[in-house]
2 protein chains.
Amino acid sequence: MDKEKIDKKDHILDVAERVFSEVGFDGASTRMISGEAGVNMAMLNYYFGSKEGLFLAIFERRIATFKTLLVDINSDEHTTAWEKIEKYIEMYVERIFSNNCFQKMLYQELSMGKRGELTDNINKILMINVSEFFKIVQSGIDSGEFRKDVDVQMVTATMYGVKNYIMNTPYVSSVMFGFDIKDEEALNNIFKPRLKNFLKALLKPYLVIEHDHTNK
Amino acid sequence: MDKEKIDKKDHILDVAERVFSEVGFDGASTRMISGEAGVNMAMLNYYFGSKEGLFLAIFERRIATFKTLLVDINSDEHTTAWEKIEKYIEMYVERIFSNNCFQKMLYQELSMGKRGELTDNINKILMINVSEFFKIVQSGIDSGEFRKDVDVQMVTATMYGVKNYIMNTPYVSSVMFGFDIKDEEALNNIFKPRLKNFLKALLKPYLVIEHDHTNK
DNA sequence: CTGAATTAATCAATCGTTTGATTAATTTTG
DNA sequence: CAAAATTAATCAAACGATTGATTAATTCAG
C-alpha cells in the first residue's frame with residue numbers, strides 16, 4: 001500500500017530528526033538512525049539516496065508546512081501595532097513548541113559555516129518571517145505608537161534568541177529554571193505561558209510610548 | 001625551549017578552536033586540524049593524548065581566564081542596582097567579543113545531549129556567572145528599585161540569548177543587519193556599542209520602576 | 001650522547017554506500 | 001480468474017574511504 005510506505009518514510013524522518021537534533025549531522029551515523037528506527041540500513045539510501053538526502057528530506061517536510069503558517073497578521077486594520085506584536089508572539093511561541101527537535105536541527109545547521117543550496121533556502125524562508133515582524137514594528141513606529149529609536153533588528157533577535165537559548169541549552173536551562181526543560185508536560189503547562197508573558201512584558205515598555213495613566 | 005613548545009601548543013589550540021567552532025567536534029578531523037595548523041598529525045596525540053583531550057584542553061585554557069574575570073560587581077555599596085546591571089552588560093559584551101570562536105564552541109557543546117565531566121564543569125562555571133547576575137537583580141527587587149514581578153531567569157536568558165542568536169547564525173544575522181557579521185572591525189566599532197545600548201534600553205524599562213520625571 | 005620532538009608509515013575501527021539475492025506486491029497477459 | 005511477468009521493498013554482506021590512534025624510525029637540542 002502507498003499509505004504503508006509513506007508511514008514508514010515518515011517514521012524514518014521522525015527518528016532521524018530526533019537523532020540529528022541530539023547529536024548533530026556528523027555525530028549521527030546511518031547505522032544509529034536505521035537502528036533506532038528499526039529498519040535496515042540500506043533503506044535510508046533506498047528512500048532518500050544518501051545521508052544528506054535524508055537530512056534534506058527532513059527540512060523539506062517541515063518547510064512545506066512553514067509557508068502556510070504565515071498568516072498575515074498585518075491585514076487587520078482595526079488592531080494596534082502592539083496587538084499585532086502580541087498576536088505574533090502567541091503564534092511564534094506556539095509554533096516552536098510544536099516541533100522542538102526540528103528547531104534544534106535548524107539552528108545547528110545555521111550555526112555551521114558551510115553554505116549551500118539548503119542554507120540559502122532556509123534563510124529565504126526565515127527572512128520572510130523576520131521581514132513580516134519588521135513590518136509590524138515599522139508600522140508601529142510610523143504611526144507614532146512605538147518609539148522612534150527602536151532597534152528593530154535587535155528586537156527581532158531578542159524574540160528568537162531567548163527561545164533558542166533556553167531550548168538549545170537544556171541542561172543549563174534546567175538548572176537555571178529549576179525544572180526539567182525536557183519534560184514536555186511542564187513545558188506546555190508552565191513554560192509556554194511564562195515565555196509568552198515575559199516577551200510581552202519585556203517588549204511592551206521598550207516599544208510602546210507610554211501614555212499618561214492617572215496613577216501616581 | 002619550553003617557550004617554543006608552549007607557543008606551538010597554543011598555536012594548535014588556536015587553530016583547533018577555530019576549526020571546531022566552524023564545523024563542530026564530529027565534523028572536524030584530526031587531519032584537518034593538524035593540516036591547518038601546519039603540524040604533523042601525531043603531534044595532536046603527542047601533546048593532548050587524543051582528539052577529545054585536545055577539545056578539553058581548549059576549554060581548560062579558556063576557563064582558566066574565566067574565573068579571574070568575575071570581579072564582584074556586587075561589592076560596591078554606593079551604586080544602584082541598575083548601575084550594576086549596566087556594568088555587567090558592559091563586561092559581558094566586552095568579553096564575548098574577545099573570544100568569539102570559543103563562545104560558539106561552548107554553545108555547541110552545551111546544545112549536545114551527551115553529558116560528561118566536561119559539561120558538568122562548564123555548567124558549574126556558567127552558573128557562577130548566572131547566579132551573580134541573579135543576585136544583582138534580586139537586590140534591586142528587594143530594595144524596591146526593580147519591579148517585584150520581574151522574571152529573573154527569563155531576563156538572564158535574554159541577555160545571553162540575544163548575543164548567541166546573532167553570533168551563532170552569522171548568515172541570517174548578516175542579512176538581517178545588512179552588514180557582514182564576520183567582519184571583526186565592523187563588529188567592534190558598530191555592533192558592540194549597538195548591542196550594549198540595546199540591552200540597556202531594553203532591560204531598563206522592564207526592570208526599573210519609573211519615577212515621576214517632570215516631562216509631560 | 002641522551003632525551004625530547006617530529007615524522008612517515010601503519011593500525012584497527014567505523015564511516016556512508018553499494019551490491020546481489022530474496023521476498024512481497026502489483027500488473028500484465030492469455 | 002489464474003499464471004506469468006514486472007516492480008517495489010527488504011535484507012545481509014561487503015565495499016572503499018576515512019577516522020582517530022599508534023608505532024618505529026629519525027631529527028633536534030642541550
Side-chain angles (χ1 to χ4, degrees), chain A residues 1-61 105 108-109 112-114 116-118, chain B residues 1-61 105 108-109 112-114 116-118:
Chain A
M1 265 293 180
D2 242 8
K3 188 166 159 287
E4 275 278 357
K5 175 183 132 193
I6 293 178
D7 282 351
K8 178 161 282 189
K9 284 181 75 170
D10 245 43
H11 172 63
I12 295 177
L13 287 174
D14 288 337
V15 173
E17 190 175 75
R18 179 177 52 78
V19 175
F20 278 138
S21 77
E22 283 171 357
V23 296
F25 180 81
D26 294 303
S29 71
T30 54
R31 284 168 179 79
M32 188 188 295
I33 296 173
S34 63
E36 293 210 28
V39 302
N40 189 278
M41 218 174 43
M43 297 310 293
L44 304 189
N45 297 85
Y46 179 73
Y47 279 132
F48 308 103
S50 66
K51 183 184 180 183
E52 186 168 319
L54 169 60
F55 192 71
L56 295 179
I58 295 174
F59 278 88
E60 282 173 13
R61 185 177 63 155
M105 253 187 75
Q108 279 176 7
E109 169 65 18
M112 287 298 171
K114 56 177 176 181
E117 204 184 337
L118 172 62
Chain B
M1 263 292 178
D2 243 7
K3 188 166 159 292
E4 276 278 357
K5 176 182 131 192
I6 293 178
D7 281 351
K8 177 161 284 191
K9 285 181 73 169
D10 244 44
H11 171 63
I12 295 177
L13 286 174
D14 288 336
V15 173
E17 190 176 75
R18 178 177 53 78
V19 174
F20 278 139
S21 76
E22 285 172 355
V23 297
F25 180 81
D26 294 304
S29 71
T30 54
R31 285 167 177 80
M32 189 189 296
I33 296 173
S34 62
E36 294 210 27
V39 301
N40 189 280
M41 212 178 54
M43 299 307 293
L44 303 188
N45 294 328
Y46 180 72
Y47 280 133
F48 307 103
S50 67
K51 183 185 179 183
E52 186 167 319
L54 169 60
F55 192 72
L56 295 178
I58 296 174
F59 278 88
E60 282 172 14
R61 186 177 63 155
M105 255 186 74
Q108 278 176 9
E109 170 65 18
M112 287 299 171
K114 55 177 177 182
E117 205 184 335
L118 171 62

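All heavy atoms count here, side chains included; hydrogens, waters and symmetry mates do not. Residue numbering restarts at 1 for every chain, and letters A, B, ... go by the order of the sequence lines.
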(message) What residues from residues 39-46 of chain B pass a heavy-atom cutoff of under 4.0 Å to DNA chain C?
(response) N40(B), A42(B), M43(B), Y46(B)
(request) Let me know the distance between NZ of K51(B) and C1' of dC15(C), rounded to the nearest Å. (result) 12 Å
(request) Step through the shown structure and confirm whether more than 12 heavy atoms of other residues, nucleotides or ligands are within 6.0 Å of CD on E36(A). (result) yes
(request) Find out whether the Lys NZ or Arg CZ of K51(A) is both under 6.0 angstrom from the six-membered ring centre of F25(A) and within 45° of the ring's axis. (result) yes
(request) Figure out the CG/P separation between D7(A) and dA9(D), and round it to whole Å. (result) 13 Å
(request) Kindly indicate whether the side chain of F48(B), heavy atoms from C-beta on, has any atom under 4.5 Å from the side chain of M43(B). (result) no
(message) So M112(B) and E22(A), do their side chains get closer than 4.5 Å, heavy atoms only?
(response) no
(request) For DNA chain D, determine which residues of residues 16-32 of chain A have any heavy atom closer than 4.0 angstrom to one of its atoms, and list them numerically. (result) R31(A)
(request) Report yes if some heavy atom in the side chain of I33(A) is under 4.5 Å from a heavy atom in the side chain of F20(A); otherwise report no. (result) yes
(request) In whole angstrom, give the distance that lies between atom NZ of K9(B) and atom C1' of dA5(C). (result) 13 Å
(request) For residues V23(B) and D26(A), report the shortest heavy-atom separation together with the two atoms involved. (result) O-OD2, 4.0 Å
(request) Could you check I58(B), D7(B), L54(B) and say which one makes a side chain to side chain contact (heavy atoms under 4.5 Å, CB included) with I12(B)? (result) L54(B)
(request) May I ask you to say whether K9(A) pairs ionically with D14(A), meaning some side-chain N is under 4.0 Å from a carboxylate O? (result) no
(message) Expressed as a whole number of angstroms, how long is the span from K8(A):NZ to dA8(D):P?
(response) 17 Å
